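Note that the structure is predicted; figures quoted are calculated from it, not measured.
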Amino acid sequence: MAPNNELPNSTNFIQSIINEDLKRNKNDSRVHTRFPPEPNGYLHIGHAKSICLNFGLAEAYHGLCNLRFDDTNPTKEEVEYVDSIMKDVKWLGFDWGDRLFYASGYFEKLYECALDLIKAGKAYVCDLNAEQIREYRGTLTEPGKNSPYRDRSIEENLDLFQRMRAGEFPDGFRVLRAKIDMSSPNINMRDPVLYRIQRASHHRTGDKWCIYPMYDYAHPISDAIEGVTHSICTLEFEDHRPLYDWVVDNVAVPCHPQQIEFARLNLGYTVMSKRKLRALVEQGIVEGWDDPRMPTISGLRRRGYTPEAIRDFCERIGVAKSNSFVDIAMLEHSIREDLNARAPRLMAVLRPLKVIIDNYPEDQVEMLDAENNAEHPEMGSRQVPFARVLFIEQEDFREDPPKKFFRLAPGREVRLKHAYIIKCERVVKDEQTGEVLELHCTYDPDTRSGMSNEMRKVKGTLHWVSAAHAVKAEVRLYDHLFIKENPEEDEDFRANLNPGSREILTNCLVEPSLAEVQPGNRYQFLRQGYFCVDTDTIAGYPVFNRVVSLKDTWAKIQKAGQ
RNA sequence: UGGGGCGUAGCCAAGCGGUAAGGCAACGGGCUCUGAAUCCGUCAUUCGAUGGUUCAAAUCCAUCCGUCCCAGCCA
């Protein structure tokens, strides 16, 4: 372990605690954490916060972090989820080494500890049914009362508990409870249930067990067995800490981990509960756990987010105990910053408008050199064909340009990126609808990009593609899944779904260098945003997901003008 | 109403008795063959409120207010 003078500066309250522990040589100066997901759904960005915290702490202190599946409730857990969780943790860039564990791997040990508790007179088998247990528990303001079965003899408890395991009783017929204090102001201490009878086959232990331990019992023991020093969980478990400590103190385990609670992540314009995310998937509101609109790790991955951006985001938001509601702009900033540095720039026209350069020779094609990223010359360049018939973006032309609009308009000039300055001479419209069909322009041959004698300045630069060379593509534009920053403030969060959360454009035209792309490739489409090649791509028909748009000052100006 | 947390800018968040870091957002300006990026600048006389202790309080004490969590045989 690093000597005291090499401790990382504490950037949050958990590091402060660890630094103190290390100064006092607690836990032999080890730092050992764990990430303990329940395999009952896919991981989301909130889990990423926890993963970065737990694995990050272990890294910072040269300690270890385990991956442990908290699989004590077979009715909700599936292997599909454990597989996806491992994939996501790895993808985020973390490594649990040979420390992959399952709470179910401790079932036998957990059972033995329960026997010990019974023998010590600290646990008993209770015959009350669920409803009666609730009644006996009392309320928030009134103490509970002792179960009539609380004072059974140790022998009887032992016999009954063994027979629970042996399958002699039906589901829910009896439970094992800790004998603590029915009048405790902390409801978790009012003789909590430790084991329930549940005939359900478990994804790892099959039908070996018909009794399963509860979280409050299994979790502390699992931590202790693994030598975890700092057991980090979310705020809602703060009330459970006395019980966590009670279990560890009353059972034979090698150490006493310290539970520390932090605030879970809430993000604007999305939901973060597994229950709600599952509802979106199961009700077909989104197309799966990896729908690019989902805040799941798999959704973000498909959308085009990078692990680096997600980790950066988790670092920026910090770790504290106050319930926070993070601005989605923060996440978007992290991915923009990452992709800005690494994505090649290309041209793609999403909503094409035909442009004919009247003074450009019919059959001429020029191959223009275009750098892939002006700020990173090492990323090289490619050739882009220029010809008489082109397409530009519909929104880059306005017949009646508003103030401050410095794109194309009748009589105006703009620069075509990597090419020439053109001037709009004539507009061809549909006589019936008034729709603009095509633009006739002229180009100035002396203004080709890179010409050293070229000194003319125009205010606007547009992206474009050559009609004869462009590749047809599909582009999926995504927006927030919900229209409200906090969709959960209403009874049914689904009422706040954003109907425009996905727009699919099938008539896009991209430059020829994008003909051959691999799913997962990320690009910046000039002036539009960052895009990632989707897995739906087929040969000759690339499909792109918009990861995030570029910041758009013009859109802001227009909005302000309204 | 019992218990446990939390209140520092629009949003995160440092601060740990010596006079309010940083990031996001926003706003103004420079630069620009991406209205992007980048650069420069602005953005809390005050830390939920009120009292108290102190030479000195966001930091200590008291009271109050607000807000979140807990009454699964879920995690």
Side-chain angles (χ1 to χ4, degrees), chain A residues 10-12 16 36-38 40 70-73 75-77 126 128-130 133-135 137-144 171-177 184-190 192-198 212 214-216 218-219 233-242 261 263 265 268 274-275 315-334 336-337 340-341 345 347 373-375 404-407 414-419 421 447 449-450 454 457-463 485 524-529 549-557:
Chain A
S10 81
T11 60
N12 60 52
S16 307
E38 181 189 13
N40 67 341
D70 227 326
D71 54 351
T72 55
N73 185 357
T75 61
K76 295 185 175 172
E77 298 149 7
C126 183
L128 258 25
N129 64 34
I133 286 185
R134 193 182 324 124
E135 283 162 11
R137 188 153 35 220
T139 69
L140 294 178
T141 53
E142 300 157 23
D171 286 10
F173 195 68
R174 291 193 226 263
V175 294
L176 182 73
R177 292 228 251 170
S184 170
N186 181 345
I187 288 183
N188 295 298
M189 299 300 269
R190 320 239 262 231
V193 171
L194 266 23
Y195 269 91
R196 73 280 209 182
I197 302 173
Q198 201 164 224
Y212 290 96
M214 301 289 289
Y215 166 86
D216 283 319
H219 201 86
C233 63
T234 44
L235 251 28
E236 66 270 27
F237 293 103
E238 209 146 22
D239 288 344
H240 296 237
R241 194 168 61 223
E261 311 84 11
L265 170 67
K274 274 196 250 180
R275 201 196 102 240
E315 206 152 292
R316 282 172 193 270
I317 58 176
V319 176
K321 296 194 70 157
S322 59
N323 285 307
S324 59
F325 201 88
V326 176
D327 194 331
I328 187 79
M330 195 88 99
L331 216 210
E332 292 171 349
H333 175 264
S334 289
R336 282 195 186 104
E337 187 175 80
N340 176 50
R345 274 63 170 162
M347 296 195 288
N373 187 332
E375 288 168 8
K404 291 182 188 167
F405 181 87
F406 45 79
R407 276 112 98 142
V414 293
R415 149 86 54 194
L416 292 182
K417 180 75 180 175
H418 303 306
I421 289 175
T447 59
S449 293
E454 201 284 296
K457 295 284 178 196
V458 287
K459 196 71 174 139
T461 300
L462 310 186
H463 59 275
E485 185 155 26
Q524 184 195 100
F525 288 172
L526 237 38
R527 305 206 302 135
Q528 301 195 108
S549 65
L550 251 30
K551 284 207 218 165
D552 192 347
T553 305
W554 171 238
K556 211 178 280 181
I557 292 170

Have a look at A:Val319 and say if it touches a base, only the backbone sugar-phosphate, or nothing, with a 4.0 Å heavy-atom cut-off.
sugar-phosphate
Pair assignment for B:rA62, Watson-Crick or G-U wobble, requiring both distances under 3.5 Å
B:rU50
Distance, rounded to the nearest Å, where A:Asp552 contributes CG and B:rA25 contributes C1'
16 Å
Could you measure between the two P atoms, the one in B:rG48 and the one in B:rA57, and give it in whole Å?
15 Å
At under 4.0 Å between heavy atoms, what does A:Ile317 touch on the DNA or RNA strands: base, sugar-phosphate, or nothing?
sugar-phosphate
On a whole-Å scale, what distance lies between the P atoms belonging to B:rA56 and B:rC40?
41 Å
Mind telling me whether B:rG72 is syn or anti, cutoff 90° either side of 0?
syn
Does A:Asp239 make a side-chain donor-acceptor contact with the base of B:rG3, cut-off 3.5 Å?
yes
Among B:rA37, B:rG23, B:rC74, find the nucleotide with the atom closest to the side chain of A:Asn73.
B:rC74
Where the side chain of A:Asn323 is concerned, which of B:rU34, B:rA71, B:rG5 is the nearest nucleotide?
B:rG5
Within the stacking criterion (centroid distance below 5.5 Å, interplanar angle below 30°), does A:Trp554 stack on B:rG35?
yes
Using the P atom on both, measure B:rA44 against B:rG30 and round to a whole Å.
24 Å
Classify the side chain of A:Gln524 versus the base of B:rU34 as yes if they form a donor-acceptor pair under 3.5 Å and no if they do not.
yes
Per A:Thr141 side chain, nearest of listed nucleotides B:rU1, B:rC74, B:rA14
B:rU1
Just so I know, are the side chains of A:Glu485 and A:Ile328 near enough to count as touching, which here means a heavy-atom distance under 4.5 Å?
no
From the options B:rC73, B:rG2, B:rG3, select the nucleotide whose nearest atom is closest to the side chain of A:Asn186.
B:rG3
Base, sugar-phosphate, or nothing: which does A:Ser184 touch, judged by heavy atoms less than 4.0 Å apart?
nothing
May I ask you to say what A:Arg345 touches in the nucleic acid, namely base, sugar-phosphate or nothing, with a heavy-atom cut-off under 4.0 Å?
base
Counting heavy atoms from C-beta on, name the nucleotide in B:rA75, B:rA71, B:rC73 closest to the side chain of A:Phe237.
B:rA75
B:rG22 versus B:rG5 - spacing of their P atoms, nearest Å
32 Å
Just to confirm, is there a sub-4.0 Å distance from OP1 or OP2 of B:rC73 to any side-chain nitrogen or oxygen of A:Arg137?
yes
Touch check for A:Arg407, heavy atoms < 4.0 angstrom, all strands: base, sugar-phosphate only, or nothing?
base
Side chain of A:Lys556 only, please: which of B:rC68, B:rC27, B:rC16 is the nearest?
B:rC27
So A:Thr553, base contact, sugar-phosphate only, or nothing? Heavy-atom distance under 4.0 Å.
sugar-phosphate
If we call it a pair only when both distances are under 3.5 Å in a Watson-Crick or G-U wobble match, what pairs with B:rU8?
B:rG15
For the C1' atoms, the ones on B:rG15 and on B:rU46, what distance do you get once it is rounded to whole angstrom?
14 Å
C1' atom, B:rC43 versus B:rA9: distance in rounded Å?
8 Å
Regarding A:Val193, tell me which of base, sugar-phosphate or nothing describes its non-hydrogen contacts under 4.0 Å with the strands shown.
sugar-phosphate
Once you apply a heavy-atom cut-off of 4.0 Å, does A:Tyr195 come out as touching a base, just sugar-phosphate, or nothing?
nothing
When both hydrogen-bonding distances must be under 3.5 Å and the geometry is Watson-Crick or G-U wobble, what is B:rA57 paired with, if anything?
none
Quick one: label A:Lys321 by what it contacts on the DNA or RNA (base, sugar-phosphate, nothing), any heavy atom closer than 4.0 Å.
sugar-phosphate
